[in-house]
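Here is the naming used below: chain letters follow the sequence lines, and residue numbers restart at 1 for every chain.
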There are 2 protein chains.
Amino acid sequence: MGARRTRVLELAVLGLLYETPLHGYGLRKRLNSELGVFRAFSYGSLYPCLKEMLRQGHISQHPEETGFGRRPRIVYRLTEAGHEHLHGMLADVTPAACDDECFGVYFALFGHARSDLRLRILHGRRDRLLSRLEELRSRPSHTADDYLRELRRHGAESVEREIHWLDELIAREQRSAAPSPPQPGSPG
Amino acid sequence: MGARRTRVLELAVLGLLYETPLHGYGLRKRLNSELGVFRAFSYGSLYPCLKEMLRQGHISQHPEETGFGRRPRIVYRLTEAGHEHLHGMLADVTPAACDDECFGVYFALFGHARSDLRLRILHGRRDRLLSRLEELRSRPSHTADDYLRELRRHGAESVEREIHWLDELIAREQRSAAPSPPQPGSPG
DNA sequence: GTTAGCATGTAAGGAGTTACATGATTTT
DNA sequence: AAAATCATGTAACTCCTTACATGCTAAC
């Protein structure tokens, strides 16, 4: 069985290894504590994913340089091909790819991304939420059920709120990106 | 192969057929327009699910009573066993079962549920959200990354809002539920 | 008379999960 | 010495999707 594709997980692993090399167990910990605000990954998916990424040459493995009595752990590190692959994935971000799960992972990479990529992801997410909102509104009283209507109302409100949040982030991003006034910005 | 379990989809189908018998195509339409506010199902999952439910005896199929030139559609209807199965599933609702996906489906059944079941589901969802909130707060500044912190802040705010929404629904439910003496459970 | 939508399916695959198996190391 | 947790995996399964196959029927 070749080629497990592991979309979200693969992206998350690429993102984490972009920061620093790490071994499997540590990866899972960071996956579930930092990225995994909205979801948790198990070893049963992580290790096969690493195996496949190795096979594709996106990561390489090295025995940990350890002291004396310690068994060396298997440390994974992003290869050049892995860097390219990550950039390729980010270059392909579309609204369709900005579902709840993926957006969290994309967002987690923001610290390392360039401003134009950040903006594209924020806009992609915004577009997607707008579609959802339209859908939610397109059947206003089709259902007689009060509970369903209330659920939909609350859903629409949440989506609106997230759109508003994105608008603020986008505005902030644009202010710090377009350096009209001579303002020495912060980090790149 | 046997026994596809199809949790969410099965639950949704049981719920829809609880209301009224329907054929596959119509089921999918209602799934995606009413329940599927948050997700869409495809025929490739629906029809095998129906097949399996048939095999288990939870639904039965009948050729539609049609007029003249019309080809009769295959109409599915909940059996006694199906009713029991649905009640069993609802009786087993725990906080763990109240994830984003399932909660929407549970909620969609509220119109047919008794008040105590509604309350149990609302509380189950609330408990689950509280756990998530605690998790979100348990690592406040563990990350130096501003973006991740902002993502988490917004996530926590959304969760708080939903909890508040649930609190209102619960209060409303309790007001309308038991101001009068305890009545022996009549079916809803 | 051809597109669009109704209607019912199957086969293969995707992206994970749970449960299992095993052993090393650290903490109590 | 026992329990916890670190660490690395595999096998079987789940639940759903996409793509495919097929034919009917209504609308333009």
Side-chain angles (χ1 to χ4, degrees), chain A residues 1-14 22-33 35-36 38-55 59 61-64 66-76 89 96-97 99-102 105, chain B residues 1-14 22-33 35-36 38-55 59 61-64 66-76 89 96-97 99-102 105:
Chain A
M1 335 250 150
R4 292 186 176 231
R5 273 299 146 88
T6 51
R7 263 187 339 94
V8 191
L9 181 51
E10 184 192 9
L11 180 66
V13 168
L14 286 169
L22 206 52
H23 58 282
Y25 192 88
L27 273 171
R28 202 209 109 147
K29 274 189 79 170
R30 292 202 58 196
L31 278 170
N32 289 346
S33 71
L35 302 188
F38 305 115
R39 71 165 302 151
F41 297 96
S42 64
Y43 297 120
S45 43
L46 174 59
Y47 282 109
C49 175
L50 289 171
K51 201 172 163 186
E52 173 63 18
M53 290 170 78
L54 261 177
R55 199 189 64 75
I59 58 178
Q61 60 180 2
H62 317 268
E64 183 186 29
T66 173
F68 309 93
R70 265 299 275 311
R71 175 177 58 148
R73 297 173 290 191
I74 301 170
V75 170
Y76 298 92
M89 285 182 95
D99 58 90
D100 294 341
E101 280 183 355
C102 284
V105 178
Chain B
M1 314 291 158
R4 291 185 180 234
R5 274 299 146 89
T6 50
R7 263 186 341 93
V8 190
L9 181 51
E10 184 193 8
L11 180 66
V13 168
L14 286 170
L22 206 54
H23 60 282
Y25 192 89
L27 273 171
R28 203 210 111 145
K29 275 189 80 171
R30 292 202 58 195
L31 278 170
N32 289 345
S33 71
L35 301 188
F38 306 115
R39 73 164 301 151
F41 296 96
S42 65
Y43 297 119
S45 42
L46 175 59
Y47 283 109
C49 175
L50 289 171
K51 202 174 164 185
E52 173 63 17
M53 291 171 77
L54 262 176
R55 199 189 63 75
I59 58 178
Q61 60 180 1
H62 318 268
E64 182 187 30
T66 174
F68 307 94
R70 269 296 276 312
R71 175 176 57 147
R73 295 173 291 190
I74 302 171
V75 170
Y76 297 92
M89 285 181 94
D99 59 89
D100 294 341
E101 280 183 354
C102 285
V105 178

Would you say [N] has OP1 or OP2 under 4.0 Å from some side-chain N or O of [X]?
{"X": "Arg70(A)", "N": "dA7(D)", "value": "yes"}
{"X": "Ser45(A)", "N": "dT17(C)", "value": "yes"}
{"X": "Ser42(B)", "N": "dT17(D)", "value": "yes"}

Quick one: which of [options] gets closest to the side chain of [X]?
{"X": "Ile74(B)", "options": "dT10(D), dA7(D), dG9(C)", "answer": "dG9(C)"}
{"X": "Phe41(A)", "options": "dT17(C), dG9(C), dA7(C)", "answer": "dT17(C)"}
{"X": "Arg71(B)", "options": "dT10(D), dC6(D), dG23(D)", "answer": "dG23(D)"}
{"X": "Val8(A)", "options": "dG16(C), dT8(D), dC15(D)", "answer": "dG16(C)"}
{"X": "Tyr47(A)", "options": "dG9(C), dT8(D), dG23(D)", "answer": "dT8(D)"}

* With sugar-phosphate meaning primed atoms plus P, OP1 and OP2, does Arg73(B) contact a base, only sugar-phosphate, or nothing at under 4.0 Å between heavy atoms? ->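 The answer is sugar-phosphate, as Arg73(B) gets under 4.0 Å only of primed atoms, P, OP1 or OP2.
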Nearest-Å distance, [atom1] ([X]) to [atom2] ([N])?
{"X": "Leu31(A)", "N": "dA7(D)", "atom1": "CG", "atom2": "C1'", "answer": "15 Å"}
{"X": "Gln61(A)", "N": "dA7(D)", "atom1": "CD", "atom2": "P", "answer": "16 Å"}
{"X": "His23(A)", "N": "dA24(C)", "atom1": "NE2", "atom2": "C1'", "answer": "13 Å"}
{"X": "Glu52(A)", "N": "dG9(D)", "atom1": "CD", "atom2": "C1'", "answer": "16 Å"}
{"X": "Tyr76(B)", "N": "dA7(C)", "atom1": "OH", "atom2": "P", "answer": "13 Å"}
{"X": "Tyr25(B)", "N": "dG9(C)", "atom1": "OH", "atom2": "C1'", "answer": "14 Å"}
{"X": "Leu27(B)", "N": "dG9(C)", "atom1": "CG", "atom2": "C1'", "answer": "15 Å"}
{"X": "Leu50(A)", "N": "dG9(D)", "atom1": "CG", "atom2": "P", "answer": "8 Å"}

* Hey, which of these two, Tyr43(B) or Lys51(A), hits DNA chain D nearer its 5' end, going by closest nucleotide? -> Lys51(A)
Could you measure the distance from the [atom1] atom of [X] to the [atom2] atom of [Y]? Nearest 0.5 Å is fine.
{"X": "Glu101(A)", "Y": "Arg7(A)", "atom1": "CD", "atom2": "CZ", "result": "7.5 Å"}
{"X": "Phe41(B)", "Y": "Arg30(B)", "atom1": "CZ", "atom2": "CZ", "result": "14.0 Å"}
{"X": "Arg28(A)", "Y": "Leu22(A)", "atom1": "CZ", "atom2": "CG", "result": "13.5 Å"}
{"X": "Arg71(B)", "Y": "Glu64(B)", "atom1": "CZ", "atom2": "CD", "result": "10.5 Å"}
{"X": "Leu9(B)", "Y": "Leu50(B)", "atom1": "CG", "atom2": "CG", "result": "7.5 Å"}
{"X": "Ile59(A)", "Y": "Lys51(A)", "atom1": "CD1", "atom2": "NZ", "result": "12.5 Å"}

Check: protein-nucleotides 20-22 of chain C nitrogen or oxygen pairs below 3.5 Å:
none

List the atom of [X], the atom of [Y], and the distance in Å for their closest heavy-atom pair.
{"X": "Ile74(B)", "Y": "His23(B)", "answer": "O-CB, 3.0 Å"}
{"X": "Cys102(B)", "Y": "Ala97(B)", "answer": "CB-O, 3.2 Å"}
{"X": "Leu46(B)", "Y": "Gly24(B)", "answer": "CD2-O, 3.3 Å"}

* **Those residues that, when tested against Tyr25(A), pass ring-ring contact (aromatic ring centres under 6.0 Å, His included) (two or more places apart)** =>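 Once residues adjacent in sequence are excluded, the partners of Tyr25(A) under the ring-ring contact (aromatic ring centres under 6.0 Å, His included) criterion are Tyr43(A).
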* **Terminal axis angle for the helix from dG1(C)-dC28(D) to dT28(C)-dA1(D), five pairs an end, nearest 10 degrees** => 30°
* **Which residue lies more 5' along DNA chain C, comparing Leu46(A) with Gly26(B) via nearest heavy atoms** =>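 Of the two residues, Gly26(B) wins.
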